[in-house]
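All remarks here apply to the structure that follows.
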Amino acid sequence: MSAPVREMEQSSPEDSLISNRGHAGDAIFKGISVGSGLLILVILAAVAFFLLSEAMPAFTTPAEDLPSGNTLLYVVPYLFGTVWSSFLALLIAVPVAVGIALYISHYAPKRLSTPIAFIIDLLAAVPSVVFGLWGIMTLAPMMVPVYTWLNKHLGFIPLFSGTVATSGRSMLTAALVLAIMILPIITSLSREVFLRTPKLQEEASLALGATRWEMINQVVFPFGRSGIVSASMLGLGRALGETMAVAMVLSPANVINFQLLTSQNPNTIAANIANTFPEAGQLTVSQLLATGLVLFVLTFVVNMAGRAITGKKSSFGVAKRAGKEDEE
């Protein structure tokens, strides 16, 4: 009698039952996973369809019959304010977040890194309204002397020119609040990427005489570059869609300018919707939803761009390592 036949005869009904249950569990898990992915696509398509259908009157109605005139011209200042404030927040938050992540992962002792990481993660749980109240009641008045100094000594730079907002409610204040809000997202993801850097590569760099900073520059940053880009894009998505904090902190106006310290600041799409929607008529609601559609498309494009950049960097890294292995 051959060995396979003996094994089949020796297998018990319990073993077959367990095997069947395992296959059934795999099939159920696969079905749930596929269904969850499809559900996300369905929800995304439903949101897009809702925004498009509700915003259609704002594009089809003659401009003279709309409360705010031409819809495309109406959305431009708010689109500018959204991109400008988010860009400033990202410019402030990314270096700080990467520095904190490096300190937690490679410099701080264990008894100190864990509490710091916990505090940073805790910032992500703070509601937007709390950030807005803190920004308008504490940060804005505190920054007025700083803004006055910047205007006095660096007023020749267009960014710091103009009349300083006496209340402190300026674009720079809104950008600082947004930077603090996206800081935990970028820090947490960057920290996890840095901790996954191969220890053998770090030790090899140090063994060859590199300082700790040279090791980070040679090993940690190249390994975690795609992770930093992904974390930054997630933070940018949060900043683009933020509503209450910006609406409370910013002193808005329907303008386009790059000045950071004045009281006449470009408003954002989300903050404008929150401020205008309660008293809006039907056509005004359509125009607001049209701006929401623009924000939806902008966020989608940003996420796709981040995904493309991350994919290219990952592919480049794999190809580079494969080339080195071929040379060896």
Side-chain angles (χ1 to χ4, degrees), residues 33 83 85-126 172 175-240 299 301-328:
S33 301
V83 175
S85 61
S86 301
F87 170 77
L88 292 173
L90 205 64
L91 193 65
I92 298 169
V94 169
V96 178
V98 172
I100 296 174
L102 280 177
Y103 177 74
I104 294 173
S105 61
H106 286 82
Y107 285 96
K110 184 68 176 179
R111 64 180 182 275
L112 189 60
S113 62
T114 301
I116 293 177
F118 175 76
I119 293 173
I120 293 296
D121 293 339
L122 192 62
L123 282 175
V126 178
L172 186 54
L176 288 172
V177 173
L178 283 177
I180 296 173
M181 294 181 68
I182 66 176
L183 188 68
I185 299 175
I186 304 175
T187 301
S188 299
L189 294 177
S190 300
R191 182 187 72 233
E192 294 301 322
V193 172
F194 294 157
L195 288 174
R196 293 179 181 274
T197 305
K199 295 299 180 183
L200 290 178
Q201 295 185 17
E202 295 182 358
E203 293 172 358
S205 180
L206 294 172
L208 291 173
T211 63
R212 185 176 292 273
W213 167 247
E214 290 173 339
M215 179 273 293
I216 290 173
N217 195 33
Q218 295 170 0
V219 178
V220 178
F221 279 156
F223 180 83
R225 189 177 294 118
S226 61
I228 295 174
V229 174
S230 300
S232 301
M233 289 301 171
L234 284 176
L236 179 60
R238 169 74 188 276
L240 288 171
T299 307
V301 170
V302 167
N303 289 332
M304 290 295 293
R307 189 73 176 176
I309 293 172
T310 303
K312 286 182 180 179
K313 289 183 180 297
S314 300
S315 301
F316 175 76
V318 171
K320 189 175 181 180
R321 288 194 297 270
K324 288 183 178 180
E325 291 175 358
D326 292 339
E327 292 177 358
E328 295 174 355

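As the structure is a computational prediction, the values presented were derived from the model and not from experiment.
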List the steps, then state whether side-chain contact (heavy atoms from CB on, under 4.5 Å) holds for Val193 with Ile228. CA-CA 8 Å; Val193 172; Ile228 295 174; 5.9 Å; no
Any residue meeting side-chain contact (heavy atoms from CB on, under 4.5 Å) with [X], in chain and number order, not counting sequence neighbours:
X	answer
Leu91	Phe87
Glu192	none
Ile100	Val96, Ile104, Ile120, Leu183, Thr187
Leu236	Ser86, Leu90, Met233, Leu240, Val302

Any heavy-atom pair between the side chains of Val220 and Leu102 that's under 4.5 Å? yes
Any side-chain heavy atom of Thr114 within less than 4.5 Å of one from Lys110?
yes
For residues 87-103, the salt bridge (Lys or Arg N to Asp or Glu O under 4.0 Å) pairs (sequence neighbours left out) are none
- Side chain Arg212, main chain His106, donor-acceptor under 3.5 Å: yes
List the atom of [X], the atom of [Y], and the distance in Å for their closest heavy-atom pair.
X	Y	result
Val94	Ser232	CG2-OG, 3.6 Å
Ser105	Ala101	OG-O, 2.8 Å
Ala124	Pro184	N-CG, 3.7 Å

Under the side-chain contact (heavy atoms from CB on, under 4.5 Å) criterion, do Ser85 and Leu178 qualify, and how do the steps go?
CA-CA 8 Å; Ser85 61; Leu178 283 177; 4.1 Å; yes
Can you measure from [atom1] ([X]) to [atom2] ([Y]) and round to the nearest 0.5 angstrom?
X	Y	atom1	atom2	result
Ile186	Arg191	CD1	CZ	13.5 Å
Leu123	Ile119	CG	CD1	8.5 Å
Gln201	Phe223	CD	CZ	7.5 Å

| Is there any ring pair (Phe, Tyr, Trp, His ring centres under 6.0 Å) pair reaching into residues 176-217, and which pairs are they, with sequence neighbours excluded? |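 Every pair satisfying ring pair (Phe, Tyr, Trp, His ring centres under 6.0 Å) with a residue in residues 176-217: Trp213-Phe221.
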Sorted by chain and number, sequence neighbours left out, side chain to side chain donor-acceptor pair (under 3.5 Å) with Ser205 holds for Gln218
Sequence neighbours excluded, the answer for side chain to side chain donor-acceptor pair (under 3.5 Å) partners of Ser188 is Asp121
Quiz item: Mind checking what makes ring pair (Phe, Tyr, Trp, His ring centres under 6.0 Å) contact with Tyr107, not counting sequence neighbours?
Solution: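 Partners of Tyr107 by the ring pair (Phe, Tyr, Trp, His ring centres under 6.0 Å) criterion come out as none, since no residue qualifies.
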Item to complete: Please name all residues satisfying salt bridge (Lys or Arg N to Asp or Glu O under 4.0 Å) with Lys199, sequence neighbours left out, ordered by chain then number.
Response: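 So Lys199 forms a salt bridge (Lys or Arg N to Asp or Glu O under 4.0 Å) with Glu202.
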